[in-house]
Every structure is written in structure tokens, then in C-alpha cells.
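Okay, so here's the structure we're looking at.
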Amino acid sequence: MSTTGSKRPAQVSAARRRTVIDALRRGAVPESGLDLLATGLDRFEAALDAELDAVASGGSVFKAVRGEYGSGKTFFTRWLGERAKRRNFAVAEIQISENETPLHKLETVYRRLTERLTTSSFPPSALRPVVDAWFYALEEDALAAGATEEELPGEVEKLLVARLAEVSRHAPSFATALRGYRAALADSDEATAAAVLAWLGGQPHVAASARRSAGVRGDLDHFGALGFLQGLLTVLRDSGHTGLFVVLDEVETLQRVRSDARDKALNALRQLIDEVHSGRFPGLYLVITGTPAFYDGQQGVQRLAPLAQRLATDFTTDPRFDNPRAVQIRLPGFTHESLMGLGVTIRDLYADAATSPERVRTVVDDAYVADLARAVGGALGGKVGVAPRLFLKKLVGDVLDRVDQFDDFDPRQHYKLTVASSELTDVERNLAATVNGGSASADDIDLEL
């Protein structure tokens, strides 16, 4: 991901700057403010904005993002999510994992979606504000149509049935639960209302009394989850949101699960793609992320031929000519030059709020940023593509913070880059091991036979 040609806004609020800098100091991808760092993504903007506009008009889109570790997949999806929020989309980011969120259990995926649901006005979980806004919109529509206060409950019920008619064909309990939630609120029974809404969000183990009160039974299952997603999209649209942007992150973890669970998960992914393309989910923009090994390897997508066909994309040409409208797009990752460019962008963003901005820019000049980028890359076996997280963490926490706080601190004299094993991820630790006498591959390991 190239980072040259920054378009950072001239004026940045203190809160946005602090959010970004604090996240980088922790070695994390910022939750917001990514437009301050997103340089070099221009070639994707036009195509992705057109897709977001199509979804806002009632379409649906599926997108697969591929990239090696460190290429910026999480950054990219959060950046795209911010663009979606500016179009009044609701957004949810879900981490796929064998234990917490197995992809072959769509009821769990739906539950995580509602738990992580956020809007431009509400943090996770925004499910209740969205549902409350939906009922308010129904009341406003009924009043606009001439309903009196006495007629309002009946007219709202008629609108509820009409708006959820298509959803009720697949998941009638979705509308039933909404009625139960509204009835509990009317009776000032907050505990039951909260329990019914939790059931609507896919939560298991909801009190039997609350389910009986709402007229629903059991827990949400794999197939019901798709109907509930359809219902959630309807509620979002009618409550004023233009769509729902969902990210299924780290799908490559499927390669490490049992073969039976992996096959079920791949088939669930194939099913999701088909449902999106069939038009069942108007207003949905669904994104998955994974490594090239997941898309191309026999333990990933290639294991299920129908799924491989749906995701097939030609990457044999020069990356400059990749088609951003294709179902699968790749992030080429960082080079030393682009990593340095990102470091300069962060340095300038930091300096704008520093005690002595000019001193920060002078002491941590472009040459030093380039040297630090080279040193971090060297500590990771020259693999610049996996260096961004650690490089930015070192730049902010070890260098910029000290320059800002100590007038006599000079990183060229007083700082020597150290990379402790405890601060590395598994991938970074493996690469560092190759620099310190470890084995670069299985072929380099000597076995005593």
C-alpha cells in the first residue's frame, strides 16, 4: 500500500489526532481518523465509492480483500468503513475465529454483528437505538398518513406487518420479537424489553419468561440468522440508514480448523456470496479479508470449487493494472519508501500538537525516519511488509514522545532500537528469529536421524 502523496486535512481536531496517535502508540490500528493516514489509496476510491452508492440505492456488494500480513487489510477495511459511515451506513467489524466466531455458525456471526454494530451517532452495540429509531419512524409515518393518537398503535402494527412482509416469509419470529419488545416498553417492563431485544440480537440463554411474553421460542439457528440479517437491513433502512457495511476479518483462520468445520465454513461463505448476489440483502456491503494462501491454497478457498469460481480474479498482470471493481482486490503491501512516507505523515501529525513543533520536525527529520524504518525492517529479516505496526509503535512511543517531553533527547545519540520478543506477534517473532540465527524455513532445520 503506497503512502506517498498525503492528502491530510489542513485542520485536524485534537480529539481525532489523539485517537490516532494513542492507537499507534499501542501498536494498534486506529478505530477512527484513518483518513489522516490513508494515502496511496486513491486508485481504489472511485470504484469503492461507486459501490457504496449502489448499495445505498438498494443494491448489495460482496468484496474480498487479499494481502499478506502487514499489508494493511484491517486498516483498509476500517478506512472503507469510515467512508461508509459518512454515507450514513451502519458498520460492524467481526473477527472470525474457531472458538469465538466460527464462520460455519452463522447464528454466531449474526450475534457478533449486532454486538459490534455501530453508527455515526452510537458506539457498539447500536442495536437498541436503531430499533427505537425504527419504531419512531413508523409512528411518524402513521401520523403523517392521518392517524389519530388513539389509532396510532393499530396503524403502527399495520406498517410493521407491511415493512417486514418479505422478511416474515423467511423469519416470522423477527417481526414477532419486535412486537414483543414494543409491548414490553408499553408496559414499562424494561427487563423483558431488554431480554427480548437480546434475543432479537441472537443472544442465547434468554429467559424463558421473556421469550414466552414476546411469543418466540428457542434460540436463533444457522438458517434463521440469514432471515434476521434481512430483517435488520429493513429496520436500518426505515430508520434512516442507507445501508450496512460488514467486515469478516481474518477469514484465513479457517485454514487452521478441523477439516469438517473448515468445509462447513467455506460452504457458508459460498452461501453468503450467493445470497448477496441474488439480491436478498439490499443495502448490504459485505467484505472479507484473507491472505493469498487462503485464496490460492488447497486448505482454503481452492478446497471448495464453487467458492473458488466465485472469487476467481486475475492477478497475473502488473499490480498497477489491478481492477478495483473486481470481486477480489489485493493490497501489495509496503516498501521501504512507502513506510518512510507513512512515518513522515505521522511525524507531521504528531508535531502539529507538540510543545515545540519545529523541534520535533528538526530532530526527527526525514532522514531519521528513513533510518528507523530501515532498522525496524532489518530487525524483521528485511521483511518491510510486516514492519508497519512495529515501526509506528516505535516511532511514536520511543522517539516522538521522548523528543516532545525531554528537551535534550536526541534519538541519534540516546536511542538504540531494541525489539523484544514479547512485543512481537507470532509472524513478527518468526521473522526476527531468522535474523538472530533461526531457521528461515523448514528446509533449514537440521534433524538428528
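These numbers were taken from a predicted model, which means no experiment stands behind them. Residue numbers count from 1 along this sequence.
Atom-to-atom distance recorded for E45:CD and L52:CG is 11.5 Å, nearest 0.5 angstrom. A distance of 4.5 Å separates OG1 of T313 from CD of Q328, quoted to the nearest 0.5 Å. Taking NE2 of H241 as the start and CH2 of W134 as the end, the distance is 13.5 Å to the nearest 0.5 Å.
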Legend entry - L37 and F75: CA distance, side-chain angles, deciding distance, side-chain contact (heavy atoms from CB on, under 4.5 Å) verdict: CA-CA 9 Å; L37 314 179; F75 180 95; 3.8 Å; yes
Inset, instruction - Apply salt bridge (charged side-chain N to carboxylate O under 4.0 Å, His left out) to E82 and K85, showing your working. - result: CA-CA 5 Å; E82 283 196 345; K85 272 188 181 180; over 6 Å; no
Legend entry - R280 vs D274, salt bridge (charged side-chain N to carboxylate O under 4.0 Å, His left out): CA-CA, chis, key distance, verdict: CA-CA 9 Å; R280 180 179 177 183; D274 287 351; over 6 Å; no
Inset, instruction - Check the pair R330 / E68 against salt bridge (charged side-chain N to carboxylate O under 4.0 Å, His left out), numbers first and verdict last. - result: CA-CA 9 Å; R330 64 175 165 182; E68 296 288 0; over 6 Å; no
Inset, instruction - Quick one: do L229 and F281 satisfy side-chain contact (heavy atoms from CB on, under 4.5 Å)? Show the steps, please. - result: CA-CA 8 Å; L229 175 58; F281 301 123; 4.0 Å; yes
Legend entry - Verdict with supporting geometry, T345 and L349, side-chain contact (heavy atoms from CB on, under 4.5 Å): CA-CA 6 Å; T345 298; L349 182 67; 5.6 Å; no
Inset, instruction - Dump the intermediate steps for side chain to side chain donor-acceptor pair (under 3.5 Å) on S97 and N99, then the final yes or no. - result: CA-CA 6 Å; S97 68; N99 297 323; over 6 Å; no
Inset, instruction - Check step by step if ring pair (Phe, Tyr, Trp, His ring centres under 6.0 Å) holds for F44 and F76. - result: CA-CA 10 Å; F44 295 111; F76 178 86; 5.3 Å; yes
Inset, instruction - Give the C-alpha distance, both sets of side-chain angles, the deciding distance and a yes or no for side-chain contact (heavy atoms from CB on, under 4.5 Å) between F174 and T234. - result: CA-CA 11 Å; F174 187 86; T234 300; over 6 Å; no
Inset, instruction - Quick one: do D249 and R78 satisfy salt bridge (charged side-chain N to carboxylate O under 4.0 Å, His left out)? Show the steps, please. - result: CA-CA 11 Å; D249 202 10; R78 289 184 182 173; over 6 Å; no
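Side chain of T77 to backbone of T74: a donor-acceptor contact under 3.5 angstrom is found. Listed for the Y295 side chain is a donor-acceptor partner under 3.5 Å among the backbone atoms of V65. The closest donor-acceptor contact from the side chain of E151 to the backbone of T148 lies under 3.5 Å. No donor-acceptor pair under 3.5 Å is formed between the side chain of K73 and the backbone N or O of E250. A distance-only check finds no donor-acceptor pair linking the side chain of W79 to the backbone of S32 [under 3.5 Å]. The main-chain N or O of I96 is found under 3.5 Å from a side-chain atom of T253 such that the two form a donor-acceptor pair. Using modelled atom types, one side-chain atom of T242 and one backbone atom of R87 make a donor-acceptor pair closer than 3.5 Å. Looking at S338, its side chain never comes within 3.5 Å of a backbone N or O of F334 through a donor-acceptor pair. A donor-acceptor contact shorter than 3.5 Å links the side chain of R262 to the backbone of L254. Under the 3.5 Å distance criterion, the side-chain polar atoms of T114 are matched with a main-chain donor or acceptor of G201.
Salt-bridge check for R128 with E190: passed, with a basic side-chain N closer than 4.0 Å to an acidic carboxylate O. Salt bridge annotation for R179-E157: present, with a cationic side-chain nitrogen under 4.0 angstrom from a carboxylate oxygen. Between R16 and D35 there is a salt bridge, since at least one side-chain N of the basic residue sits less than 4.0 Å from a carboxylate O of the acidic one. Salt-bridge formation is detected for the pair R182/E139: a Lys NZ or Arg NE/NH1/NH2 atom is positioned less than 4.0 Å from an Asp or Glu carboxylate oxygen.
For F89 and F245, the ring centers sit 6.0 Å or farther from each other.
Residue D263 forms a side-chain hydrogen bond (donor to acceptor under 3.5 Å, both in side chains) with just one option from R303, R258, H104, and that option is R303.
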